[in-house]
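Just so we're clear, the structure is a prediction, and the values are computed from it rather than from any experiment.
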Amino acid sequence: MKLLVIGGSYFYGRVFVMEAAKEHDITVWNRGTYSMKEFGVREVRADRHEQPPVCGEDYDAVVDFCAYKAGDVRTTLEHLTGKTGQYILISTVDVYERNPHQIKTEETPFEERLLGGEAGEYIVGKITLERELATVCKERGIPCTTLRPAILYGPYNYAPRESAYIGMLLQNHALPRFTDADGQFQFVYVKDAAHAVLKCLGNEKAYGQAYNLCQDQPVTYESFFDTLKKAAGPEDLAGLAEVPLTVGEAVQQGVPVPFPATAEETHLCDNKKGKTELGMTYTGFEEGMGRTYRAFRNVYVQ
């Protein structure tokens, strides 16, 4: 298939391109921060917010990894004057209404409250774009699909999440042990999320649908650190200090707390629809963290 990937060089998009380039003809539109030419794809330096190029080529699918603001989907399609066979938007499970006691399915209503801060702005943007996608694609007769990943992890993750703790373990020989964290959260291994996109390409079952992407079992900070230590092994754990902290103390001291730390912040989702309709399977967290640890160990330990 002939694919246009918007973004495609940062973590999720990068891993997708690495996988998809094995069997598809790919053009990547991005701002040129990270090159993808080594994977045999065409790159176009473009920013849809600053005079994006007009493109008359036909594409079997557009896969959009970096739509964040209202108008991003419409702007993209206005500049694609050829035929677009499908539009796949990468959204987030954070679009759902906040209710820590409810397991979110794809039918759960969107959050309608205005949440503050950068995270709130991000969520509002994704909700707006999901609605925009449905409207614009209906106007143009383009099948569309939305993927809503939970917390992505894995090699190439530049965000300071699991890599921050791996760095603390390897460089500082220390890890926090949160004494009052009762939150739960869900991960999705980035390669699994990339395969979800591949399963949606040209798949009529996926037209007009949205899918949660999340592993089967929720994780706590305690189980996260236990899994990380299993991935590290005896050599790296020698002399490791585990520092007990409350979540509040961690925040005051600048210790990362990137995942939901309280029951009130817990935000769990159901993944049955993707398993049933797409045939999704998920890498076990211990296996995925092992792969992730080994990849980042090569960065931190020279």
Side-chain angles (χ1 to χ4, degrees), residues 1-21 24-37 39 41-92 94-95 110 118-149 152 156 158-159 190 193-194 196-198 200-202 206-208 210:
M1 297 179 72
K2 188 175 180 181
L3 309 179
L4 175 63
V5 177
I6 311 294
S9 63
Y10 182 88
F11 190 34
Y12 186 6
R14 185 178 189 86
V15 174
F16 169 73
V17 169
M18 291 167 64
E19 293 293 304
H24 297 290
D25 178 4
I26 297 177
T27 298
V28 176
W29 280 13
N30 62 31
R31 290 178 292 183
T33 305
Y34 303 100
S35 175
M36 298 296 291
K37 289 183 179 178
F39 303 110
V41 304
R42 289 184 298 279
E43 288 187 292
V44 177
R45 185 168 294 189
D47 184 338
R48 69 182 121 203
H49 302 124
E50 298 178 5
Q51 297 182 333
V54 174
C55 176
E57 294 189 52
D58 295 340
Y59 290 102
D60 295 301
V62 173
V63 186
D64 195 340
F65 286 94
C66 64
Y68 299 111
K69 298 180 180 180
D72 280 355
V73 172
R74 185 176 293 276
T75 297
T76 299
L77 287 174
E78 285 175 349
H79 287 80
L80 296 177
T81 57
K83 180 182 177 181
T84 299
Q86 183 185 13
Y87 202 113
I88 299 176
L89 175 70
I90 307 304
S91 185
T92 172
D94 287 332
V95 295
F110 288 155
E118 186 176 334
E121 184 179 347
Y122 171 80
I123 292 167
V124 169
K126 288 296 188 181
I127 292 170
T128 301
L129 284 165
E130 286 206 30
R131 290 171 171 158
E132 180 179 303
L133 177 77
T135 299
V136 176
C137 286
K138 184 177 181 180
E139 292 171 355
R140 296 172 179 264
I142 299 171
C144 60
T145 304
T146 302
L147 296 178
R148 298 170 181 157
L152 286 154
Y156 304 104
Y158 303 105
V190 66
V197 182
L198 292 172
C200 290
L201 291 173
Y207 292 174

If you draw a 6.0 Å radius around CD in Glu118, do more than 12 non-hydrogen atoms from other residues or ligands fall strictly inside?
no
May I have the step-by-step check of side-chain contact (heavy atoms from CB on, under 4.5 Å) for Leu129 and Leu133, ending in yes or no?
CA-CA 6 Å; Leu129 284 165; Leu133 177 77; over 6 Å; no
Identify the two heavy atoms, one from Gly7 and one from Val28, that lie closest to each other, and give their separation to 0.1 Å.
O-CG1, 3.0 Å
Sub-3.5 Å donor-acceptor pair from the side chain of Asp72 to the main-chain atoms of Arg74, do we have one?
no
Are any side-chain N or O atoms of Gln86 and backbone N or O atoms of Pro143, one a donor and one an acceptor, separated by less than 3.5 Å?
no
Exercise: identify the closest heavy-atom pair between Val190 and Tyr12:
CG2-CA, 3.7 Å
Counting C-beta onward and ignoring hydrogens, is there a side-chain heavy-atom pair between Tyr68 and Lys126 closer than 4.5 Å?
yes
Between Ser91 (side chain) and Leu147 (backbone), is there a donor-acceptor pair under 3.5 Å?
no
Do the side chains of Pro149 and Ile90 get nearer than 4.5 Å, heavy atoms only?
yes
Salt bridge check, Arg48 against Glu78: does any charged N sit closer than 4.0 Å to a carboxylate O?
no
Enter the distance from Ile88:CD1 to Leu201:CG here, rounded to the nearest 0.5 Å.
4.5 Å
Can you measure from CD1 (Ile127) to OG1 (Thr92) and round to the nearest 0.5 angstrom?
9.5 Å
Hey, is the main chain of Leu3 close enough, under 3.5 Å, to the side chain of Asp60 for a donor-acceptor pair?
no
Nearest 0.5 Å, please: how far is SG in Cys137 from CG in Leu77?
5.5 Å
Any chance OH of Tyr10 has more than 12 other-residue heavy atoms, nucleotides or ligands included, within less than 6.0 Å?
yes
Answer yes or no: does atom NZ of Lys2 have more than 12 heavy-atom neighbours from other residues, nucleotides or ligands under 6.0 Å?
yes
Please identify which of these residues, Phe65, Phe39, Phe11, meets the ring-ring contact (aromatic ring centres under 6.0 Å, His included) condition with Phe16.
Phe65
Kindly determine whether His24 and Leu198 satisfy side-chain contact (heavy atoms from CB on, under 4.5 Å), including the steps that lead there.
CA-CA 10 Å; His24 297 290; Leu198 292 172; 4.1 Å; yes
Gap separating the CD1 atom of Ile6 from the CG atom of Asn30, nearest 0.5 angstrom:
9.5 Å
Nearest 0.5 angstrom please: Met1 CE to Ile26 CD1, how far?
11.0 Å
Of all heavy-atom pairs between Leu152 and Ala193, which one has the smallest distance, and what is that distance?
CD2-CB, 3.7 Å
Is there side-chain contact between Arg42 and Asp25, with heavy atoms separated by less than 4.5 Å?
yes
Are Val73 and Tyr87 side-chain neighbours, meaning at least one heavy-atom pair lies under 4.5 Å?
yes
Least distance between heavy atoms, Val41 atom then Ala21 atom:
CG1-CB, 4.0 Å
Starting at OG1 of Thr128, measure out to CD1 of Ile123 and round the result to the nearest 0.5 Å.
11.5 Å
Donor-acceptor pair, side chain of Glu132 and main chain of Gly71, under 3.5 angstrom:
yes
